[in-house]
Each structure stands twice: as C-alpha cells, then as structure tokens.
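What follows is a short report on a single structure.
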Amino acid sequence: MGLEERSAGAVVYYPEREPLYLLLHYPGGHWDFPKGNIEAGETEEQAALREIKEETGLEVRLVPGFREVITYFYVRGGKRVRKSVTYFLAEAPSVEVSLSWEHRGYKWLRYPDALLRLTFDSTRRVLAKAHRYLTSLLRA
Ligand code: ATP
C-alpha cells in the first residue's frame with residue numbers, strides 16, 4: 001500500500017452582490033483554497049475550520065449542504081502519495097486576512113478571476129460547483 005493523506009478545507013467567500021473568493025498561494029507555486037491535514041480524532045469539518053483559522057486568521061461559518069471531495073497523486077521524498085481533499089463552503093465575516101508562514105500570499109477574487117487563477121482543473125470544478133450552489137441559495 002502506498003502513502004495516503006487526507007486534508008480538509010473550504011471555498012471561503014465574502015458575501016457581496018458578486019461574492020469574493022479567497023485563494024492562497026502555496027509555497028510550491030500553486031493557488032488553492034485554504035486546507036490542511038485532518039488530525040487524529042478530528043472530523044473533516046473541525047479540520048477545515050481549524051486550518052482556515054490557522055492559515056488566515058478567519059473564523060468562518062460553514063454553509064450546510066456543500067461538500068466536494070477531490071483526489072490526486074503527487075510524489076514526496078521519492079514516494080507516491082494518494083491525497084484526497086474535502087472542501088466545504090464557508091462564509092468569512094470580513095476580508096481581513098492574517099496569513100501564516102505556510103503561504104506566500106492570498107487574493108480575494110470574483111468568480112471569473114478566481115477560476116483563471118486556480119492552478120488545477122479539479123479545484124476549478126470545486127469552485128464552479130460552490131459558485132452555483134451559493135448563487136442558487138442567494139436567489140432562493
Ligand atoms: P495541505 O494544505 O493539505 O497541508 P500541502 O501544502 O502540503 O497541503 P498540496 O497543496 O496538497 O500540499 O500540494 C502537494 C503537491 O500536490 C504539490 O506538488 C502540488 O502541486 C500538488 N497538488 C496540489 N493540489 C493538486 C490538485 N488539485 N491536483 C493535482 N496536484 C495537486
């Protein structure tokens with residue numbers, strides 16, 4: 001059996017007429033949502049909230065009903081790692097981010113710009129679903 005990793009995070013948005021989405025610049029160069037490893041004894045939701053707080057300082061609110069899982073493989077120390085990441089949808093109380101040392105930078109972007117900025121198709125699909133979900137909630 002190879003190595004396995006599980007992370008959790010969220011598509012974090014700030015509510016405006018056109019919501020702003022928060023992307024982080026990872027040290028490896030890619031852009032993604034806030035996320036991090038699920039620790040022993042933690043639920044996915046707890047891990048997502050803890051990681052978002054650690055990485056951005058934001059105390060977000062998870063929006064019920066949205067959960068997307070992606071899986072990818074990468075190589076770490078010569079070993080293939082199978083990683084799955086669960087993304088929730090979360091509302092930020094403000095746009096004031098205090099970034100941890102774990103990331104190079106961040107941006108709040110409207111949907112089309114966030115789609116362009118994301119590095120991987122899998123996370124772009126997560127954003128598309130989150131945006132559709134959020135838009136349908138706001139119109140309801
Ligand atoms: P975490 O935020 O979960 O602690 P990390 O910063 O350690 O994660 P990842 O963001 O998972 O690590 O990146 C690890 C490797 O996987 C990098 O080489 C990155 O380019 C690659 N990677 C990250 N996201 C994806 C994706 N959605 N699809 C394919 N490869 C990805």
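Heavy atoms only: backbone and side chains are in, while hydrogens, waters and symmetry mates are out. As the structure is a prediction and not an experimental result, all values here were calculated from the model. Each ligand, and each atom within it, is numbered from 1 in the order the structure gives.
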Can you find an N or O of Ser7 that's nearer than 3.5 Å to an N or O of ligand 1? yes

Just to confirm my output: which protein heavy-atom neighbour is closest to atom 6 (O) of ligand 1, and how far is it? Tyr26 CD2, 3.4 Å

Ion pair check, Lys35 and Glu51, cut-off under 4.0 Å: no

Minimum heavy-atom distance Glu55-Leu24, with the two atoms named: OE1-CD1, 3.7 Å

How does Val85 reach ligand 1, by side chain, by backbone, by both or by neither, if only non-hydrogen atoms under 4.0 Å count? neither

Which heavy atom in Leu20 sits nearest to a heavy atom in Arg110, and how many Å separate them? CD2-NH1, 3.4 Å

Would you say His131 and Tyr21 are linked by a side-chain donor-acceptor pair, where the criterion is simply a distance under 3.5 Å? yes

Quick note on ligand 1: atoms under 4.0 Å from a heavy atom of Ile70 include exactly 27 (N)

Evaluate the ring planes of Tyr74 and Tyr72, with Trp represented by its six-membered ring, and classify them as parallel (under 30°), tilted (30 to 60°) or perpendicular (over 60°). tilted

Between His25 and Trp31, what is the ring plane arrangement, given parallel below 30°, perpendicular above 60°, and tilted in between? parallel

Can you tell me which residue and heavy atom of the protein come closest to atom 9 (P) of ligand 1, and the distance to 0.1 Å? Lys35 NZ, 3.4 Å

Side chain to side chain, Tyr14 and Leu22, heavy atoms closer than 4.5 Å: no

Which residue and atom name correspond to the protein heavy atom nearest atom 27 (N) of ligand 1, and how close is it? Ser122 OG, 3.0 Å

Among all protein heavy atoms, pick the one closest to atom 11 (O) of ligand 1 and tell me residue, atom and distance. Tyr72 OH, 2.6 Å

Identity and separation of the nearest protein heavy atom to atom 5 (P) of ligand 1: Lys83 NZ, 3.9 Å

With the threshold set strictly below 4.0 angstrom, can you tell me whether any protein non-hydrogen atom sits that near atom 18 (O) of ligand 1? no

Contact with ligand 1 for Gly36, non-hydrogen, under 4.0 angstrom: yes

Pair Lys129 + Glu68, salt bridge at N-O below 4.0 Å: yes

Return the residue, atom name and 0.1 Å-rounded distance of the protein heavy atom closest to atom 20 (O) of ligand 1. Phe120 CZ, 3.5 Å

